[in-house]
Every structure is written in structure tokens, then in C-alpha cells.
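First the structure, in the form of C-alpha cells, and then the observations on it.
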Amino acid sequence: MSALPVPLPQLARYEEWLGRERGLAFPGYEALWRWSVTDLEAFWGSIWDYFEIRSPKPFERVLADATMPGARWFDGAQVNYAQQVLRHVADAEQGGRPAIVFRGERGGIGEIGWSELRDRVAAVATRLEQMGVRPGDRVAAYLPNIPETVIAFLASASVGAIWSVCSPDMGPVSVLDRLRQIEPKVLFACDGYRYGGRDHDRREVLREMLAALPSVAELVFLPFADGPRPFEAPRVRVTNWAEASSGVAPAGWQPRWVPFDHPLWVVYSSGTTGMPKPIVHGHGGVILEALKLGVLQNDIGPQDRFHWYSSTGWIMWNCQVGGLLGGSTICIYDGNPGWPDWTTLWRFVGETGVTFFGAGAAYHDSCRKAGIEPGRVADLSRLRALGATGSPLSAECYQWGYEQLSPNLWWCVISGGTDFAGAFIGGNRMLPVVPGEMQCRCLGAAVEAWSDEGVALSDEVGELVCVRPMPSMPLYLWGDADGSRYRDSYFDVFPGVWRHGDWIRITPGGGAIIYGRSDTTINRHGIRMGTAEIYRAVESIPEVLDSLVVDLEYLGRPSYMPLFVVLREGISLEDAQTGDALREKIVARIRAALSARHVPDEILQVPAIPRTLSGKKMELPIRKLLLGHAPAKILNRDAMGNPDSLDWYIAFARQRAEPGAQ
């Protein structure tokens with residue numbers, strides 16, 4: 001498979017368009033960014049025009065009200081997410097580009113063309129309308145990362161329904177915590193999935209869910225097993241997926257036009273410590289943010305093949321599907337990225353000709369520590385960019401990518417979140433990459449680092465805030481009638497300013513470094529610090545595979561900061577010969593990289609670090625657990641990627657709570 005010629009960056013094309021159509025020229029990215037966050041109407045109006053967003057009615061004004069929360073964008077415009085996707089059918093078919101390339105653990109690569117995608121979306125949308133689904137009704141899914149999930153989502157969007165998806169590796173409690181809040185009318189669901197080489201039967205889970213969701217009147221059933229596998233449920237009419245997706249839509253079928261701020265989907269906060277927040281985003285805001293981020297910042301165009309590994313339970317699934325908005329081919333993989341070993345995704349990327357491959361930062365670090373040499377296991381000649389998010393990417397990972405793939409590889413590291421379905425910090429293929437840093441603040445994202453007093457900081461660590469609205473910020477939280485939960489979630493500290501909950505430093509060169517969550521801040525001897533600094537130091541040690549640190553400053557006892565580490569197989573801190581030496585090595589690395597204040601009070605070896613379904617370290621729940629909170633009140637195993645990992649920490653917390661424990 002031959003390498004692709006390096007095209008002109010998408011961001012450069014946009015700048016050329018600004019000069020030609022708007023008479024605007026900027027001496028560098030920093031000036032372009034500053035214009036984009038200063039003149040919001042001109043910038044977001046240019047994004048609308050550049051991507052030729054269609055509306056049967058002209059909008060009255062780009063931004064009618066800039067108040068946060070509650071900003072009003074593109075009043076009067078009508079759009080549809082599915083309409084924006086399917087507009088690419090003719091051009092893509094003429095160019096011979098598929099819409100979706102997919103594979104799962106069962107093997108075999110499949111493709112879906114753009115015309116087939118349109119026809120199947122139209123068929124499912126027509127069936128939804130026959131089921132009585134109307135704009136504003138909720139359509140939910142309990143499906144893995146397969147093409148059918150993408151089709152069901154686009155069909156839901158095309159009729160103006162509000163979509164919500166949960167991954168089948170989530171347990172019934174976690175799923176019901178989400179779906180009961182929104183009362184779906186239709187449920188798309190499978191009865192099983194494959195992960196880690198094992199088939200997982202979910203028939204009983206599905207029955208339990210349906211019994212607890214009285215609002216569901218229709219089930220569209222996707223049998224996991226090969227061949228006929230009927231499913232029956234009391235009270236619910238069941239339609240097989242094959243029947244729903246093979247019908248013929250009325251002649252001239254088109255997605256329904258909806259207002260710019262019509263709800264598109266409900267996504268959720270992690271729910272690891274309480275009821276997950278149901279976050280509602282609108283069609284128009286998501287379209288604009290996804291195009292700006294995916295095409296301009298991530299440099300993904302129609303000729304690209306885009307793969308971002310994700311389950312359907314993570315916002316990066318939405319990001320992956322968003323590649324279709326710009327006419328790109330999306331390549332999706334369903335299964336365990338580490339089974340049977342860490343070469344699995346690299347082989348998939350090579351076999352499918354992926355040009356942009358994204359994953360959680362933890363995945364890339366796992367490959368590095370496992371000694372994976374991607375270029376030796378697959379033909380990666382077409383791959384030109386690696387993406388990362390979910391947690392800070394270590395400088396060692398940057399270097400590993402250059403050594404294993406190419407010194408010209410572009411690391412596109414982003415940071416944003418489920419909350420606004422986008423990124424605050426991202427990439428720019430025309431800027432230099434500094435290992436350990438993200439390249440720039442994204443266009444339209446007025447991000448600053450603030451002190452506790454609300455003062456913008458320069459080259460200092462502060463709270464990540466966004467001081468101007470963005471179109472993809474939530475419309476509201478579902479069920480939050482007076483908006484109080486929404487305001488308390490993002491605007492409680494700085495009224496009228498979005499507080500994201502991360503520590504950030506904007507570097508003199510315009511880059512950014514994320515230092516971890518500000519709600520799990522380390523406060524040692526009056527000096528605050530982010531946990532990511534410690535992880536970078538500790539996990540650079542070859543023997544350490546993973547780590548987690550918490551500060552128990554407010555335990556009512558002397559300050560105590562334990563560091564939990566996962567070590568390579570065969571290495572133990574209890575080993576008389578090597579244990580003490582490894583502890584000393586960890587301490588020395590922390591002292592050298594940071595300071596003596598960062599040195600933990602105790603280093604403890606653990607079987608695993610608890611992580612959410614999206615791979616984030618569960619710092620806050622573990623901190624609360626060790627502060628004495630009851631596990632049942634703060635820990636939701638169904639919302640975790642590795643729930644069995646909690647057992648060690650629960651036992652440790654009990655031990656510390658015993659009389660006389662220090």
C-alpha cells in the first residue's frame with residue numbers, strides 16, 4: 001500500500017478562503033485564533049459559509065445573545081445532522097470512497113458505500129416514523145461500535161428524534177441510570193457482543209432493561225448470534241433489524257429540517273460517583289463544532305480514512321461518526337484493543353489504509369510499555385497522524401511514535417469533553433509539535449487559565465475556563481427545569497464563565513499543558529499541583545505500567561498522599577532485593593522531575609488502576625473512598641471499565657478506617 005501525497009492542510013485552505021472571500025489575513029495562528037474568539041459572529045459565520053451549511057430559511061443573526069449559559073445561535077436557521085452527512089453521497093460515490101469500513105473481533109473487513117448508507121438510513125427512518133416517532137421523541141440504543149449503530153443514529157437524527165446510546169458492556173444499573181431519565185420511545189438493542197475473545201450474552205440484561213423502561217413501546221432487535229435468534233418481550237413490539245433496515249423509503253425521501261438548536265442527542269457524564277448528568281446538544285452546534293474540529297484542527301478531509309478507537313459509551317464515538325460530516329471514510333473497530341495483543345488496532349489501521357488514527361492516551365502508552373513496534377506488524381505507509389485524548393500524553397509517547405513510525409508523524413493531541421461535544425485544545429498541522437504539549441487553543445474556543453480570583457494567568461497553571469460561548473455548549477441538562485443543575489455544573493465558580501474542571505497552563509508559544517482534574521487537586525504543604533505531573537514522572541519508569549495518586553489532606557488526620565502503582569509482571573515492591581530499590585527510584589524520579597513536595601507518603605503496589613468506561617483514572621471516587629465515604633454511595637461498578645479493580649481499594653479503605661490505623 002503506497003503512501004499518500006501530503007495535501008495542503010485544511011486549515012491553510014480555510015485561511016486562503018478567508019483572504020479571498022472576507023479580505024482577512026493573519027500573520028500566524030495566534031492572530032487567527034484571537035480573531036476567532038473576539039469576533040464570534042464573523043468567525044462562526046465564516047464556518048457556516050466555508051462548509052456551505054444548508055438551510056431552507058436564512059438565519060436572522062449568527063449570535064443573538066452571547067450570555068452563558070443560554071447563548072442563542074443562528075436564530076431562524078434550519079439544519080439536520082443527517083442531511084449534512086448524506087450531502088456527500090454523490091461526490092463520494094463518484095470518487096469510489098466508502099462511507100464506513102469496519103471490523104470486529106470475529107474478523108473480516110466489511111464496507112458500506114455512501115449510497116447504501118443513505119438507503120439504509122432512509123429505510124430505518126421511515127420505519128421509525130411508522131412506529132410513531134416524532135420530532136423530540138427519544139430513541140435509545142444498547143449497541144456496540146458497529147455500522148448498524150451509526151445507521152440507527154442517523155435515522156433517528158433524520159426524523160428529528162433525540163438519540164442516546166449505551167454500550168452493551170455497561171451493566172443494567174448504569175444503563176437504566178441513564179435511559180430512565182429520558183424515557184425513550186424506541187430502543188435499538190442487541191442480545192450479545194464479543195470482547196476479549198469471549199461472547200457475552202445480554203438477553204437477560206435486555207429483558208431487565210425493558211421491564212424497567214415502561215416508556216419503550218418498540219424494540220428494534222439485532223441478534224448477535226449468526227442465524228435466526230428470535231427475541232420476545234412482554235408489552236413491547238419487536239422488529240428485527242433486517243426488516244427495519246431493508247425497507248424502501250418514499251420517493252424523494254430527505255431528512256427533516258429542524259431548528260438550529262433542535263436537540264440531537266443526550267450524552268452523559270461518567271456517573272462513577274452519582275447519577276450521570278444527561279447533557280443535551282443541538283443539531284446545529286454539533287455540526288459546526290464537529291466540522292471545525294475534525295476538518296480544520298484534525299486536518300481530516302474527504303480523501304482521509306479516519307479511525308478513533310472507542311466504544312459507544314464514550315464521546316469519541318460521536319467524534320468518530322462526525323468524520324462523515326466532512327465526507328471522510330470512517331473506519332470502526334469493535335472489540336478489545338489489547339486482544340489478543342496490543343498489535344490488533346495497528347493491524348486494522350494498516351489493513352484498512354487509515355490516515356488518521358486516534359485513541360486514548362492510555363492506549364498509546366500501553367503499546368509503548370508493551371514494546372510494540374507498529375511499523376513491523378503492519379503497512380502503515382498511509383498513516384500520517386496519531387490522535388490522543390482522555391488523559392495527558394507523556395513526552396515519552398511522543399518520542400515513541402516518532403521512533404516507531406516516522407519523525408514526520410503528526411501527533412494531534414486534543415482535550416475537551418463530553419460536556420460540549422468538542423475540544424478546547426487541539427492540533428494544527430502547520431505548527432511545531434512540542435512533546436508533552438498540545439499545540440494550540442482551538443479556533444472559536446476562548447480558553448484561558450484563571451486564578452481563584454478570576455484573573456487570567458500567563459504561563460502559569462490555573463483553572464481552565466472558556467470566557468465566550470460556543471455553539472456546541474449544552475442546550476440544557478435533561479429534566480433540569482430551572483437550569484440550576486446546568487449552572488452548578490459549569491458556572492458555579494465564575495458566574496457567566498464556563499469552568500471546565502481541569503488545570504491548564506498556556507505556554508508562551510501558544511501551546512497548552514493539562515495537569516489533571518482541578519477537583520482532585522494535590523495540595524501539599526500549601527502548594528497546589530495537578531496529578532498529571534506526577535503521572536508523567538512515575539510512568540516514565542519502565543517498571544511502572546500505571547499509577548494513581550490522591551491527596552487526603554482533609555481526612556482529619558495528618559496529611560497523607562498515597563501513590564498506587566501497577567508494575568510489570570514479575571516485579572514486586574515486596575521483593576527483598578528489588579522492592580526498596582524501585583521505591584527509591586520512584587521517589588528520586590519525582591524529586592528530580594518535580595520537587596520534594598510531590599513525594600508521596602507511601603507507595604503501594606496494586607493489581608489495577610480503576611478507570612471509567614472511557615479509560616479515565618477514577619481519582620475522585622478513590623479519594624472519596626479513602627476519605628471514609630460508603631462505597632455503595634460513591635462507586636458505580638456498571639460505569640467502569642474494570643470494576644473488579646475496586647476490591648483492593650475497598651479493602652484498603654476498611655483497613656485504614658480501623659482503630660489505630662494511620
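It should be emphasised that the depicted structure is a prediction, and the values quoted were computed from it without experimental measurement. Hydrogens, waters and symmetry mates are skipped; everything else that's a heavy atom, side chains included, is used.
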Quick one: list whatever passes side chain to side chain contact (heavy atoms under 4.5 Å, CB included) with [X], sequence neighbours left out.
X	value
R61	E41
D492	R499
A25	none
V37	W33, A446

Residue from V267, I315, D480 passing side-chain contact (heavy atoms from CB on, under 4.5 Å) with I279: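 The single option meeting the side-chain contact (heavy atoms from CB on, under 4.5 Å) with I279 is V267.
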Does the side chain of [X] reach to within under 4.5 Å of the side chain of [Y], using non-hydrogen atoms?
X	Y	result
H283	F260	no
V220	M131	yes
V413	E437	no
F102	C331	no
L288	S472	no
W450	V497	yes
V447	V465	no
W253	V121	yes

Rounded to the nearest 0.5 Å, what separates atom [atom1] in [X] from atom [atom2] in [Y]?
X	Y	atom1	atom2	answer
T389	I514	OG1	CD1	9.5 Å
S489	D419	OG	CG	8.5 Å
S311	L143	OG	CG	12.0 Å
L63	L40	CG	CG	6.0 Å

Of all heavy-atom pairs between [X] and [Y], which one has the smallest distance, and what is that distance?
X	Y	value
Q10	G301	NE2-CA, 3.5 Å
A421	W265	CB-CZ2, 4.1 Å
W48	A77	CH2-CB, 3.7 Å
G326	V295	CA-CG2, 4.3 Å

Is any NZ, NE, NH1 or NH2 atom of the basic residue among [X] and [Y] found under 4.0 Å from an Asp or Glu carboxylate oxygen of the other?
X	Y	result
E16	R20	no
D299	R384	yes
E129	R256	yes

Would you call the rings of [X] and [Y] parallel, tilted or perpendicular, taking 30° and 60° as the class edges?
X	Y	result
Y333	Y309	tilted
Y50	Y14	perpendicular
H307	F357	parallel
H500	W498	parallel

Can you tell me if [X] uses its side chain to pair, donor with acceptor, with the backbone of [Y] under 3.5 Å?
X	Y	result
E93	W114	yes
S164	A140	no
Q181	P276	yes
H262	G282	no
N298	I300	no
R138	G136	yes
T126	A122	yes
Q297	N428	no
T355	R305	yes
D502	I504	no

Residues S167, Y142; criterion side-chain hydrogen bond (donor to acceptor under 3.5 Å, both in side chains); working and verdict: CA-CA 6 Å; S167 174; Y142 186 62; over 6 Å; no
Atom NZ of K185: over 12 foreign heavy atoms under 6.0 Å: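 Count over threshold, so yes.
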Over 12 non-hydrogen atoms of neighbours within 6.0 angstrom of CZ in R22: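 Atom CZ in R22 is packed in, count exceeds 12.
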Within the 6.0 Å centroid threshold, strictly below: W241 and F221: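 Between F221 and W241, which both carry aromatic rings, the centre distance is not below 6.0 Å.
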Test of ring centre spacing under 6.0 Å for Y476 and Y486: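 Ring centres of Y486 and Y476 not closer than 6.0 Å.
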From CA spacing to verdict: salt bridge (charged side-chain N to carboxylate O under 4.0 Å, His left out), E289, K292: CA-CA 5 Å; E289 173 63 22; K292 182 212 68 177; 3.0 Å; yes
From CA spacing to verdict: salt bridge (charged side-chain N to carboxylate O under 4.0 Å, His left out), E448, R441: CA-CA 9 Å; E448 297 178 356; R441 288 173 279 190; 5.9 Å; no
Residues R87 and Q84: side-chain donor-acceptor under 3.5 angstrom: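 The answer is yes; a qualifying pair exists.
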Distance-only polar pair, side chains of Y81 and S158, donor-acceptor under 3.5 Å: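 Absent: no donor and acceptor within the cut-off.
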Verdict with supporting geometry, R97 and D91, salt bridge (charged side-chain N to carboxylate O under 4.0 Å, His left out): CA-CA 9 Å; R97 306 193 309 271; D91 287 345; over 6 Å; no
Inter- and intrachain pairs under side-chain hydrogen bond (donor to acceptor under 3.5 Å, both in side chains), touching residues 312-329, at least two apart: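 Every pair satisfying side-chain hydrogen bond (donor to acceptor under 3.5 Å, both in side chains) with a residue in residues 312-329: N145-W317.
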Pairs involving residues 62-77, ordered by first then second residue, that meet side-chain hydrogen bond (donor to acceptor under 3.5 Å, both in side chains) (sequence neighbours left out):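 The answer is D65-T67, R72-D75.
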